[in-house]
Amino acid sequence: MVPPQWYLLLSAAVFCIGLFGILTKRNALLFLMSVELMLNAANINLVAFSQFGNVTGQTFGLFTMALAAAEVAVGIGIILVLYRNFREIDVTVPRTMRW
């Protein structure tokens with residue numbers, strides 16, 4: 001049996017990779033992928049803590065997966081509008097929504 005510390009270390013590594021992707025990438029699709037990595041890191045944490053006999057972590061993991069699916073649906077819609085208006089998915093190009 002794998003100790004929970006390894007799961008937490010994996011979760012921290014996946015979360016840091018996602019955070020690095022959000023902070024450094026300008027492509028909207030890579031933003032979405034980075035957010036998905038961060039949500040999956042949260043799921044790894046929840047499932048690792050449910051290993052102690054409580055099923056609550058797995059239940060919250062299912063809710064997080066539903067949230068991730070909704071986030072992808074809205075994000076893809078935003079990316080399609082961004083591409084339709086500016087012919088590019090670089091998030092630094094559109095300046096009309098800024099103050």
Side-chain angles (χ1 to χ4, degrees):
M1 189 161 157
V2 180
Q5 292 86 5
W6 290 101
Y7 291 117
L8 298 179
L9 184 65
L10 173 68
S11 174
V14 171
F15 189 85
C16 287
I17 291 170
L19 185 64
F20 178 76
I22 285 179
L23 294 176
T24 59
K25 303 298 180 193
R26 297 188 325 190
N27 189 341
L29 289 175
L30 293 177
F31 267 23
L32 283 177
M33 288 172 46
S34 298
V35 169
E36 288 295 321
L37 279 174
M38 293 171 72
L39 287 172
N40 284 331
N43 279 340
I44 292 171
N45 261 338
L46 290 169
V47 172
F49 285 127
S50 72
Q51 194 176 27
F52 293 115
N54 198 351
V55 193
T56 308
Q58 293 178 4
T59 306
F60 280 122
L62 287 173
F63 285 126
T64 308
M65 284 185 217
L67 176 74
E71 176 259 332
V72 166
V74 171
I76 296 266
I78 291 171
I79 289 173
L80 288 174
V81 169
L82 184 70
Y83 183 75
R84 188 180 310 148
N85 290 336
F86 297 102
R87 297 285 180 228
E88 194 158 345
I89 56 174
D90 186 1
V91 294
T92 61
V93 170
R95 300 194 186 279
T96 58
M97 295 182 70
R98 295 186 184 174
W99 286 91

Report task. Measure the CG-CZ distance between L23 and F31 for me, rounded to the nearest 0.5 Å. Result -> 8.5 Å
Query raised in the report: With no hydrogens and no angle check, is any side-chain donor or acceptor of S11 less than 3.5 Å from a backbone partner on Y7?
Result: no
Query - Same cluster (ILVMFWY, side-chain, under 4.5 Å), V2 and L9 - result: yes
Query raised in the report: Can you tell me how far the CD atom of Q51 sits from the CE atom of M1, to the nearest 0.5 Å?
Result: 4.0 Å
Query - Joint cluster assignment, V47 & L8, ILVMFWY side-chain distance < 4.5 Å - result: no
Query raised in the report: With hydrophobic residues grouped by side-chain heavy-atom distances under 4.5 Å, do M33 and V14 end up in a single group?
Result: no
**Report entry** Nearest-0.5 Å distance that lies between atom CG in N27 and atom CD1 in I89
**Finding:** 4.0 Å
Report summary line: Output for pair (N40 CG, N45 CG), nearest 0.5 Å, gives 11.5 Å
Requested in this report: Please report the shortest heavy-atom distance between I17 and L37, naming the atom on each side.
Outcome: CG2-CD1, 3.9 Å
Query raised in the report: Do V35 and L30 share a hydrophobic cluster, counting only Ile, Leu, Val, Met, Phe, Trp and Tyr and linking them when any side-chain heavy atoms are less than 4.5 Å apart?
Result: no
Report summary line: Separation between CG (L39) and CZ (F15), nearest 0.5 Å, reads 9.0 Å
Could you tabulate the donor-acceptor pairs under 3.5 Å formed by side-chain atoms of residues 56-80, not counting sequence neighbours?
from, atom 1, to, atom 2, distance (Å)
T56, OG1, N54, OD1, 2.9
T56, OG1, N54, ND2, 3.4
T59, OG1, V55, O, 3.1
T64, OG1, F60, O, 2.8

Query raised in the report: Is M38 atom CE crowded by more than 12 heavy atoms from other residues, nucleotides or ligands, each under 6.0 Å away?
Result: yes
**Report entry** Approximate separation, where rounding is to 0.5 Å, of E36 CD and N43 CG
**Finding:** 9.5 Å
